[in-house]
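So you know, we letter chains A, B, ... as the sequences are listed, proteins then strands, and number each from 1. FYI, side chains are in, hydrogens and waters are out, and symmetry mates aren't considered; it's all heavy atoms of this structure.
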2 protein chains.
Amino acid sequence: MSEGLPPSSGSSPTLEDVARAAGVSRATVSRVINGIRNVDPAIQETVRKAIAATGYVPNQAARSLVTRRTGAIALVVSGAGDESGEDPFPGQVFADPFFGRVAGGIVGFLRPRGVHPILMFAETAETRAQVLAYLRQGNADGAVLVSTNADDPLPKLLVEAGLPAVLFARPPEPLPISYVDVQHRAGAKLAADHLVARGCKRIATISGPMAVPASQDRLAGFRDAMAVHGQPYIPWVEGSFTYPSGEAAMERLLAEHPDIDGVFVANDVMAQAALVVLRHHGRRVPEDVAVVGFDDSSAALACRPPLTTIRHPVEDMAAEMARLLLAHIEEPERQATSVIFEPALVVRESA
Amino acid sequence: MSEGLPPSSGSSPTLEDVARAAGVSRATVSRVINGIRNVDPAIQETVRKAIAATGYVPNQAARSLVTRRTGAIALVVSGAGDESGEDPFPGQVFADPFFGRVAGGIVGFLRPRGVHPILMFAETAETRAQVLAYLRQGNADGAVLVSTNADDPLPKLLVEAGLPAVLFARPPEPLPISYVDVQHRAGAKLAADHLVARGCKRIATISGPMAVPASQDRLAGFRDAMAVHGQPYIPWVEGSFTYPSGEAAMERLLAEHPDIDGVFVANDVMAQAALVVLRHHGRRVPEDVAVVGFDDSSAALACRPPLTTIRHPVEDMAAEMARLLLAHIEEPERQATSVIFEPALVVRESA
DNA sequence: CTCACCACAGAGAGCGCTCTCTCCCTTCTC
DNA sequence: GAGAAGGGAGAGAGCGCTCTCTGTGGTGAG
């Protein structure tokens with residue numbers, strides 16, 4: 001054993017070195033390290049000792065070369081939309097706590113399985129091509145995609161390239177690709193029911209952009225629920241999920257319907273803007289006007305008063321995305337599936 | 001050319017296929033794809049066409065096997081500290097916008113260079129070992145480390161393993177490892193000067209934990225600057241960078257020195273807590289007591305009133321970390337270096 | 001006693017790429 | 001016109017691993 005230590009000059013020990021030290025063949029050491037089928041326990045022990053003695057660590061590149069697996073997946077944040085905006089720092093996107101929650105959920109699921117996410121960012125045609133090339137080169141076994149804008153071409157490109165991928169939300173156009181999403185209609189219904197239960201009589205809504213499926217669903221769900229409560233017509237202004245659009249929408253709503261006493265806003269950021277506008281106009285929240293948001297983002301807590309909102313289980317959804325992706329990688333012929341989560345009402349002070 | 005297309009059955013084309021299609025050797029195709037030295041322009045053109053025709057994409061695993069480079073680095077978030085706390089979702093850490101800014105800065109620098117970060121999370125001995133093993137297996141060429149607590153053993157482990165790594169802040173114990181940091185003393189001086197310039201006469205401070213080098217520097221810098229302003233003694237309470245510790249510290253400060261009119265708090269989260277405590281005690285901010293924080297985190301904007309604070313250039317620092325790491329990977333014998341950034345005062349309403 | 005069978009270990013062929021070494025042919029110099 | 005010099009292309013040896021195939025010894029059945 002003392003003469004076992006091979007040259008070990010400079011570079012790290014290889015399977016061959018361990019095999020020599022243990023007095024067995026390379027194949028046997030490989031068997032011990034991996035699936036361990038049909039190896040004599042005594043020899044297993046010898047091999048393990050040799051591994052410890054040599055300080056052997058398997059080389060992932062060599063392994064990947066033959067297994068055609070890397071044990072890594074790409075976590076792609078796609079489409080700040082601005083094709084023009086030359087932003088070298090994708091800071092805003094990553095700084096959004098929503099992204100952090102997604103990352104946390106994914107890492108939480110993947111880590112115990114020895115898989116790690118590679119952080120990528122794609123907002124231009126060039127960077128999208130980069131992501132695609134990266135996956136084709138076999139740097140990662142698949143991709144989990146979080147799109148920030150609706151008409152992101154990446155999902156389609158991934159499908160066409162036959163690369164395993166899972167989306168965070170239902171794609172605008174039907175695509176044979178798995179995704180997770182939240183029951184937007186059910187969430188909107190929670191908001192409607194809550195406003196009605198509070199006693200609101202003249203209720204309006206600020207929706208997200210109609211190009212986004214989630215916006216459509218939230219609006220439709222809200223209308224349907226209100227219709228059940230006997231209110232078939234709901235004043236409505238379309239926003240674009242941004243703060244300024246929320247301001248403008250609330251201003252218009254107040255101008256056209258000064259007597260409203262309840263508003264459902266399709267995301268928290270616009271709701272935050274709406275609160276400021278309402279205060280500007282001397283409306284007390286929730287006494288004069290009750291406001292319900294959507295997302296339960298960090299903006300909800302930063303609001304004055306804190307925002308009543310609809311929460312999606314982002315971490316669970318992210319973990320599910322990872323689970324679906326691994327399943328697709330394992331079994332490439334598997335059909336695309338969707339997993340839809342149930343949202344919950346978080347009551348704070350704004351409604 | 002039309003007969004060029006090789007079987008291409010199932011799997012993707014290899015260098016060999018391209019070489020056959022172009023009528024040259026594998027080596028020549030490799031030359032064209034990489035450094036392009038000494039290749040006839042006409043042949044280059046032929047090879048390029050063959051590459052396009054076959055849809056060839058180099059296999060990263062095969063390449064890594066011989067070059068011993070992966071083109072990936074690990075972005076390690078280390079030490080939520082809680083060795084016991086069995087938290088499967090490292091959500092809180094990633095959800096912190098600070099982390100997002102770091103990630104953004106790193107991706108911004110690495111992407112143009114074709115390098116990608118692998119997201120890792122290490123808070124227990126087991127996960128630290130995982131990170132180390134991961135790097136040793138050659139999954140990544142080095143690591144960029146953001147520690148959240150002072151006595152993180154990972155930096156030392158990385159140094160001992162001889163793995164290229166760069167830290168986000170100066171390690172508590174001296175270590176031959178590169179890091180970026182901010183001039184904490186200069187930042188504290190900015191706060192001191194601002195409070196004095198405002199006319200504050202009875203100034204106190206809430207520091208971070210003394211185990212953290214940054215806390216020591218901020219406190220020392222603040223004291224030194226105040227001494228220059230003729231105030232050698234500054235009432236001081238130690239916090240631990242958390243919200244509750246900020247509350248407790250402010251309560252104590254008010255109890256012991258009810259007449260204070262200015263406070264420098266060593267981070268924004270504690271400052272946020274301090275603001276709430278001050279309001280509870282009927283103190284107006286900034287009229288009765290002016291408050292300056294540190295970090296310019298998202299908490300600073302969520303404060304009422306918005307917090308005057310010290311901002312570090314997090315994105316720039318993160319980019320510099322990435323730059324240093326790539327330099328170390330390129331040139332392993334290179335000495336450890338540090339790059340220290342200048343902080344800036346952000347004046348809002350609290351002081 | 002012979003044969004089939006099983007459990008196990010070794011041999012060796014690649015995976016797809018890079019890179020050194022070698023060779024060839026052109027060009028320049030004296 | 002011969003030899004040196006050098007640019008440009010091919011041959012082939014690995015990089016470290018997995019996995020199939022083959023070989024061997026021991027066991028139970030016929």
Side-chain angles (χ1 to χ4, degrees), chain A residues 6-48 50-51 54-71 114 133 136-139 141, chain B residues 6-48 50-51 54-71 114 133 136-139 141:
Chain A
S8 162
S9 55
S11 71
S12 52
T14 72
L15 254 200
E16 191 72 50
D17 297 327
V18 178
R20 212 177 313 137
V24 298
S25 75
R26 215 168 53 238
T28 301
V29 180
S30 180
R31 283 189 192 102
V32 171
I33 289 170
N34 304 315
I36 319 180
R37 42 176 193 200
N38 306 349
V39 179
D40 187 295
I43 292 190
Q44 274 188 44
E45 195 45 37
T46 314
V47 170
R48 273 187 221 295
I51 290 173
T54 52
Y56 171 74
V57 185
N59 177 308
Q60 181 59 40
R63 199 176 249 175
S64 293
L65 183 56
V66 34
T67 61
R68 309 192 157 275
R69 282 293 166 69
T70 65
R136 283 221 198 83
Q137 290 184 12
N139 285 288
D141 301 330
Chain B
S8 161
S9 54
S11 70
S12 52
T14 72
L15 255 200
E16 191 72 52
D17 296 329
V18 178
R20 211 177 313 140
V24 298
S25 76
R26 216 169 52 238
T28 301
V29 180
S30 180
R31 285 192 191 100
V32 172
I33 290 170
N34 302 316
I36 320 180
R37 40 174 195 200
N38 306 348
V39 179
D40 188 294
I43 292 191
Q44 275 189 41
E45 194 46 37
T46 314
V47 170
R48 274 187 220 295
I51 290 172
T54 51
Y56 171 75
V57 186
N59 177 309
Q60 181 60 39
R63 197 176 252 177
S64 293
L65 183 56
V66 35
T67 61
R68 306 186 161 279
R69 281 293 166 70
T70 65
R136 283 223 198 82
Q137 289 184 12
N139 285 288
D141 301 329

Closest of dG16(D), dA9(D), dG16(C) to the T14(B) side chain is dG16(C)
Nucleotide of dG12(D), dT18(C), dA9(D) approaching A27(B) most closely (side-chain heavy atoms):
dG12(D)
When you measure from the side-chain N and O atoms of [X] to the phosphate of [N], is any distance below 4.0 Å, counting only OP1 and OP2?
X	N	result
N59(A)	dC15(D)	no
S25(B)	dA11(D)	no
T67(B)	dT18(C)	no

In whole Å, what is the span from the [atom1] atom of [X] to the [atom2] atom of [N]?
X	N	atom1	atom2	answer
Q60(B)	dT18(C)	CD	C1'	12 Å
E45(A)	dA9(C)	CD	P	14 Å
I43(A)	dG25(D)	CD1	C1'	13 Å
Q137(B)	dC15(D)	CD	C1'	17 Å
R31(B)	dT18(C)	CZ	P	11 Å
D40(B)	dG7(D)	CG	P	14 Å
I33(A)	dC19(D)	CD1	C1'	14 Å
Q44(A)	dA9(C)	CD	C1'	13 Å

How far does CG of D141(B) sit from OG of S64(B), to the nearest 0.5 angstrom?
7.5 Å
What about R68(B): does its side chain form a donor-acceptor pair under 3.5 Å with the base of dG16(D)?
no
Of all the heavy-atom pairs spanning [X] and [Y], show the shortest one and how long it is.
X	Y	answer
R69(B)	Q60(B)	O-NE2, 3.8 Å
N139(B)	T70(B)	O-OG1, 3.6 Å
A50(B)	A22(B)	CB-CB, 3.7 Å

Sort out for me which residue in T54(B), I33(B), I51(B) forms a side-chain contact (heavy atoms from CB on, under 4.5 Å) with L15(B).
I33(B)
Assign R26(A) to base, sugar-phosphate, or nothing according to its heavy-atom contacts below 4.0 angstrom with the strands shown.
base
I want to confirm an ordering. Mapping T28(B) and L65(B) to their closest nucleotides on DNA chain D, which one lands closer to the 5' end?
T28(B)
